[in-house]
Amino acid sequence: MAKNKTTLPTDAELAILAVLWERGPSTVREVWESLKPQPSGYTNVLKILQIMTEKELVVRDESKRTHVYRARHHRSKTRRGLVRDLVDRAFGGSAAGLVVEALGARPASRAELAEIRKLIDEYEKELQA
């Protein structure tokens, strides 16, 4: 499947991915039971996982009677894709615009600001290397 905007996870898919990142490879029943509160029935979770398999968001192991699903990508890679899409669509490609709006929308703690400064310093060092 071609990589495009349709491969971005929906809110329901993100909830399932969060379970898979936390639990590791899981059956449909394990995912469904881990979703709290359970927003939908077992068959809805199964259908969403089937769609996620088609979108290449998860990998399905069919070697056993009960299929086991796992996230195809690490949480950080998925988050980067979502942020990249948001930056492109809402901020015209400006990472600075995203950061300004994020800091304006919810105050950051001193610890968070220190972490942000540290990340910026590390990024600048990488650019100079």
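The structure displayed is predicted, hence computed values, not measured ones. In what follows, every heavy atom counts, from backbone to side chain, and hydrogens, waters and symmetry copies are set aside.
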Pairwise distance [atom1]([X]) to [atom2]([Y]) - rounded to 0.5 angstrom:
X     : Y     : atom1 : atom2 : value
Glu33 : Arg23 : CD    : CZ    : 8.0 Å
Trp32 : Thr43 : CH2   : OG1   : 10.0 Å
Tyr42 : Leu46 : OH    : CG    : 5.5 Å
Ser76 : Trp21 : OG    : CH2   : 8.5 Å
Ile16 : Ile51 : CD1   : CD1   : 9.5 Å
Arg79 : Leu86 : CZ    : CG    : 14.0 Å

According to a 4.5 Å side-chain heavy-atom criterion applied to Ile, Leu, Val, Met, Phe, Trp and Tyr, with indirect links allowed, do [X] and [Y] form part of one hydrophobic cluster?
X     : Y      : value
Val99 : Leu113 : yes
Val68 : Val31  : no
Phe91 : Val83  : yes

Sub-4.5 Å side-chain heavy-atom contact between [X] and [Y]:
X     : Y     : value
Val28 : His67 : no
Leu14 : Thr10 : no
Arg72 : Val59 : yes
Thr7  : Glu56 : no
Thr78 : Pro9  : yes
Leu20 : Ser26 : yes
Thr53 : Tyr69 : yes

Nearest heavy-atom pair of Ala15 and Leu35: which atoms, and what distance?
O-CD2, 3.8 Å
Heavy-atom pair with the smallest gap, counting every atom of Leu103 and Ala108:
CD2-CB, 3.8 Å
Check this for me: Asp11, atom CG, are more than 12 non-hydrogen atoms of other residues, nucleotides or ligands nearer than 6.0 Å?
no
Enclosure of Glu22 CD (heavy-atom neighbours >12, cutoff 6.0 Å)
no
Using a strict 4.0 Å threshold on nitrogen-to-oxygen distance, state whether Asp85 and Arg89 make a salt bridge.
yes
Answer yes or no: is there a donor N or O on one side and an acceptor on the other, between the side chain of Glu101 and the main chain of Leu98, under 3.5 Å?
no
Would you confirm whether Lys55, through its side chain, and Leu8, through its main-chain N or O, come within 3.5 Å as a donor-acceptor pair?
yes
For Arg60, the option from Arg70, Gln50, Met52 that meets side-chain contact (heavy atoms from CB on, under 4.5 Å):
Gln50
